[in-house]
Each structure stands twice: as C-alpha cells, then as structure tokens.
Asks: 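Supplied in structure tokens, the structure appears directly below.
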Amino acid sequence: MDILIGLQWGDEGKGKFIDLISQEYDMIARFNGGANAGHSIYHNNQRVTLKILPSGIFYPHIKNIIGTGVVIEPSALKAEIDQLQSLISDADLRKRIIVSKKAHLVLPTYGYWDMYQEESALYRTIGTTKNGIAHTYSSKILRQNVRVEDMFSKDFNTDVFQIISRQYRELQYLGQKMPSLDELYGNFMRDCELLKQLHIADTEVLLNEALKNNKKVLAEGAQATMLDIDHGTYPYVTSSHTIAAAACVSLGVSPRLVDKIYGVTKAYCTRVGHGIFPTEIIGSLADDLRVRGAEFGSNTKRPRRIGWLDIPALKYAIMLNGVTHLILTKADILNGMAQIPVCTHYEINKQRSSLASLSSTTDEMKPIWKYLPGWDVPFAQISDATQLPNELTAFLSFIEQELDTPIKYLSTGPKREEMINLV
Ligand code: IMP
C-alpha cells in the first residue's frame, strides 16, 4: 500500500496528484477527516471539489474506499454524489464506492456545536470549517456516537433521536439558532437512506484481501501533517490523525504492507484558520499571491493566509511521515519574483534549529532566511524537466538537498496534465 499525505496545513494539491497517479491503482482509500476536506480535481475542464469521496472516483477501474477513520455526514455525501452524477452521468459511479461499516456518522447537531463554540467567548476560537468534525470524533471517543453499520439496527432511530434531542436541548439553552428538532432528525434519517444503499463492508478485510492478491492500493490523507491532532500545531489543528501512520490504523492495514509514502508540499505555505505561522507574509504581497494562487478555501471560501516555504517544518513533517517521494506544487505562482525567500532555520531562545515542530507554545521563533533567485517563464509551454529554467532547477535541488528526499513530480498548473515527472 502506498500513502499520500499533505506536509503543511492542507490545500497542497493532493487531489490533483492522486487524480494523476490513479491509473496505477486498483483502490483509493480515504483514511481520515470528513466533509472538512476539499480535494480539487479538474474533470473535463471543470473544477470539482471532493469532500468525502476518494479522489479516484472518476476512473471506472478504481474502487473508492471510505475508510473506518473517516467521519461521514450523510447529507454531504449525498450532495457530493448528486453533483458528480450530474457532471459525468455515470450509472456505475455509486458502484465504485465502498463504505466502511465502522466509519462514524456526523449527526446534525454536531455542526451547530462548532458554530456555537466558534462564536462564544467561553470557548477557544479555532477557525474550524464548522462541519462538526471535532464533535463527531469526540463523541466517538466518548463512545456515544453511531456508526454506519448501526443504520441497520432496530435501535438506530431511537439512538439517533436520543443523542440529537439531548444536544438540541443543550444548544437551545445556550441560545444557538437551529432549525426545528423534527427537521434536523427527519432530514438526517432521509439522507441515511441513500447511504444505506451504497456498498457497505468490512473495508479492512477487502483491503487486506486486495493487497494479498497484488492489487495496488493508495491511502489518501485529508488535511495535512501540521493539522494532526497530536503532532500538529495544537490547539489549531483538526481532530483526526493526518500523518501516514494513521492510514494503517484507520484502514486496518499493517505497517508492514506500506511501500511508498508521497508527501505533497507547495513551493510556499498557506493555512486557513488560526494558529502559529512564523513565515507568514503580511500585506500586499500576500494579497497578490493569494489571488494569483487562488488561495481561498475550496470548502469554506475563506481567504488563506500565505507564507514562505518553511524548511524546518517540512523536515519535521518528513520525519513524522517517513516520506519517500516529494510532490512540489504551485511553483508557477511564484513566477516573476526576482528572489524567493525560504526559511532554512529558526532561532528559538537564541538557539539555531534546523527542524521545527512549530509547537504553539514556542514563544520566540525567528526565521532565518535564504534568498534564492526567482524565475519567469511561460509554464504552459513547459512539458518536461529539460525545459525548466535553471533558477527553478536550482530551487528544486536546494529543497531536495535540504530535505534529503527526491522530488518526484512538479506541478505547474491546476490541470491534470500540468505535472512534470522529475525522477
Ligand atoms: P475542522 O477540521 O473543521 O475542525 O477545523 C480545524 C482546523 O483545520 C481549522 O483551522 C481548519 O481551517 C483546518 N482544516 C480542516 N480541514 C482542512 C482542509 O481540508 N484544508 C485546510 N485546512 C483544513
């Protein structure tokens, strides 16, 4: 099994890369998060954002597994499937989706908890996507949630009603505005009917059998390393494990079966939501790069914060994940800059450090910069590595040396074909 993860704060371009290499795989298995993700893919020249569905959904030969560690909001999944059906009118689309029996369901009150907590002075503001992801994972850990397989149990309706009516009363007491309880409950039950019609299975068994039969599986991560609940920039993180090891836990596949680990990074950094960001660019240059790079949340449309490439944080992410191949995206967005700043070290409490976890408790982090020569080329006309400008080749070599990891692909634009194989 190969694994693909993001190395920064998400939105590195994972969906596009998976779409490109999908042909090599028989199964693509999403292993974490839920509708908080937004993996953008160009299909027939149209931009499609996948939230819960794995990024192999457009290929007839691929089985798309929604793994046990994913949290599923039935209405979001239904909307996503309906949108794809209208785009590709493929009667077999649903047959290519396999959902883990053990994946947890996002109940309709959970998103309202996110909304309440983000607005209330009594709670930390995290800048979540308000999809109720944290409440689903916390209910799971409290052992108070329902899973996909529970939809077939005779107690399902009562269990769901009990959980959401209790939460509804609490939220009402706190003054949170919501539709009526009947509406929330009724819509949820209706949307579960579609979910029930999908192929629901012991996905860990399917995956292990497939691997035994030499089928190729790609585990697809959502969000990214620096948003990992333990190793990310807590508390400004998501609530799942986003690192490569989580693929094994979520999918029920032994670490002994892992082969390549692809790590995707932009040529600069972005993040949405709050939290530490020492290489952040403030002002008109950030505004300019945001527009050039279309750096607005694919899910929430929020403007992304922009920063320069952070080598110490990337070293940390590569260490955590054991990355074997790097994918570098969006070098084209830096086109036309005379010099490109890259943070190579941090000075932390007067000590120089070449690896940084960006723990939010680190008070004083002073980035140490190296300025690399920029490039200015018509990327649309470049189709192989020999046509790359010397400055960009030098930039790529510098990153490979610093990170001691080869860059396998360079993405030069949003479309599937705008990708150069370097190794
Ligand atoms: P949550 O995952 O919605 O709870 O949000 C927690 C943090 O993770 C917030 O800072 C979000 O902006 C961030 N986040 C969640 N999903 C993504 C994603 O797919 N891309 C980028 N940031 C994300």
Side-chain angles (χ1 to χ4, degrees), residues 4-18 30-41 47-55 69-73 76 80 104 106-107 109-120 123-141 220-243 246 250 263-266 268-277 280 290 293-307 313 317 329-330 358 360:
L4 179 128
I5 36 87
L7 295 174
Q8 298 167 311
W9 283 281
D11 313 308
E12 295 93 351
K14 298 181 287 292
K16 180 195 159 181
F17 176 64
I18 296 176
R30 246 297 279 280
F31 70 80
N32 73 303
N36 50 347
H39 293 173
S40 300
I41 288 180
R47 185 168 188 249
V48 186
T49 302
L50 299 173
K51 296 181 176 181
I52 305 173
L53 290 174
S55 302
V70 177
V71 292
I72 303 172
E73 186 185 339
E80 205 175 323
H104 278 251
V106 181
L107 297 189
T109 38
Y110 296 165
Y112 289 102
W113 273 117
D114 269 5
M115 286 178 211
Y116 175 73
Q117 291 189 357
E118 291 288 350
E119 302 297 326
S120 163
Y123 286 89
R124 266 183 192 144
T125 306
I126 304 294
T128 71
T129 60
K130 299 185 182 162
N131 281 288
I133 304 296
H135 286 274
T136 315
Y137 283 116
S138 61
S139 298
K140 165 180 167 171
I141 301 297
E220 173 179 7
Q223 292 80 49
T225 304
M226 301 312 279
L227 290 172
D228 183 272
I229 182 74
D230 277 333
H231 301 287
T233 52
Y234 189 87
Y236 303 105
V237 292
T238 192
S239 31
S240 65
H241 286 290
T242 56
I243 59 173
S250 159
V264 189
T265 172
K266 285 181 190 173
Y268 51 95
C269 284
T270 59
R271 100 171 275 182
V272 262
H274 300 269
I276 187 171
F277 195 3
E280 184 164 13
R290 183 175 302 115
E295 298 293 1
F296 297 88
S298 40
N299 203 338
T300 58
K301 312 287 175 235
R302 288 179 292 175
R304 296 179 185 143
R305 298 158 69 192
I306 316 276
T329 62
K330 292 201 154 175
L358 301 191
S360 297

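Order of listing sets the numbers, starting from 1, for every ligand and every atom in it. Here, residue 1 is the first one in the sequence, and each next residue gets the next number.
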Asks: Looking only at protein heavy atoms, identify the closest one to atom 2 (O) of ligand 1 and say how far it is in Å.
Replies: Thr238 OG1, 2.6 Å
Asks: Is it true that Glu80 and Lys51 have a side-chain N and a carboxylate O under 4.0 angstrom from each other?
Replies: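 Lys51 and Glu80: not salt-bridged.
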Asks: Would you indicate whether the side-chain heavy atoms of Arg271 and Tyr236 approach each other to under 4.5 Å?
Replies: yes
Asks: Any non-hydrogen side-chain atom of Ile126 less than 4.5 Å from a side-chain atom of His274?
Replies: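 Result no, sub-4.5 Å side-chain heavy-atom pair not found.
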Asks: For Asp11, counting its heavy atoms only, list the atoms of ligand 1 lying under 4.0 Å from any of them.
Replies: 20 (N), 21 (C)
Asks: So which atom in Ala222 and which in Asn32 form the shortest heavy-atom distance, rounded to 0.1 Å?
Replies: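 Heavy atoms only, the tightest pair is N-OD1, 2.7 Å.
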Asks: Contact between Leu227 and ligand 1, counting heavy atoms under 4.0 Å?
Replies: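 So Leu227 counts as touching ligand 1.
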Asks: Any non-hydrogen side-chain atom of Asp11 less than 4.5 Å from a side-chain atom of Lys266?
Replies: yes
Asks: Counting non-hydrogen protein atoms only, what is the nearest one to atom 10 (O) of ligand 1? Give residue, atom name and distance.
Replies: Val272 O, 3.2 Å
Asks: With distance as the sole test, does Tyr137 use its side chain to make a donor-acceptor pair with the main-chain N or O of Gly33 at under 3.5 Å?
Replies: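 Yes; at least one donor-acceptor contact below 3.5 Å.
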Asks: Judged by non-hydrogen atoms, does Arg302 sit under 4.0 Å from ligand 1?
Replies: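 In this structure, Arg302 qualifies as a contact of ligand 1 - some heavy atom is under 4.0 Å.
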Asks: Specify the protein heavy atom at minimum distance from atom 3 (O) of ligand 1: its residue, its atom name, and the distance to 0.1 Å.
Replies: Thr129 OG1, 2.6 Å
Asks: Touching ligand 1 at all, Trp9? Heavy atoms, strictly under 4.0 Å?
Replies: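 Distance cut 4.0 Å: Trp9 passes for ligand 1.
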Asks: Output all residues satisfying side chain to side chain donor-acceptor pair (under 3.5 Å) with Glu12, sequence neighbours left out; order by chain, then residue number.
Replies: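 Partners of Glu12 under the side chain to side chain donor-acceptor pair (under 3.5 Å) test: Lys14.
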Asks: Between ligand 1 and Gly127, can you find any atom pair, the residue atom being a heavy atom, that is separated by under 4.0 Å?
Replies: yes
Asks: At the 4.0 Å heavy-atom cut-off, does Ala222 count as touching ligand 1?
Replies: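 Distance cut 4.0 Å: Ala222 fails for ligand 1.
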Asks: Under 4.0 Å from any heavy atom of Ala37, which atoms of ligand 1 are there?
Replies: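 Counting from 1, the qualifying ligand atoms are 19 (O).
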Asks: To which protein heavy atom is atom 7 (C) of ligand 1 closest, and what is the distance rounded to 0.1 Å?
Replies: Val237 O, 3.6 Å
Asks: Do Ile5 and Phe31 come within less than 4.5 Å of each other through their side chains, counting heavy atoms only?
Replies: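 Answer yes - side chains close enough.
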Asks: Quick check on contacts: which atoms of ligand 1 are under 4.0 angstrom from a heavy atom of Gly273?
Replies: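 Heavy-atom distances to Gly273 below 4.0 Å select 10 (O).
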Asks: What's the shortest distance from atom 17 (C) of ligand 1 to any protein heavy atom, and which residue and atom give it?
Replies: Gln223 CG, 3.5 Å
Asks: With only distance considered, is Asn36 within less than 3.5 Å of ligand 1 through an N or O on each side?
Replies: yes
Asks: Could you tell me if the side chain of Ile133 sits less than 4.5 Å from the side chain of Thr128, heavy atoms only?
Replies: no
Asks: For atom 5 (O) of ligand 1, grab the closest protein heavy atom and report residue, atom and distance to one decimal in Å.
Replies: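 Going atom by atom, the protein heavy atom closest to atom 5 (O) of ligand 1 ends up being Thr128 CA, 3.3 Å.
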Asks: Compare all side-chain heavy atoms of Tyr234 with those of Ile229 and state whether any distance is below 4.5 angstrom.
Replies: yes
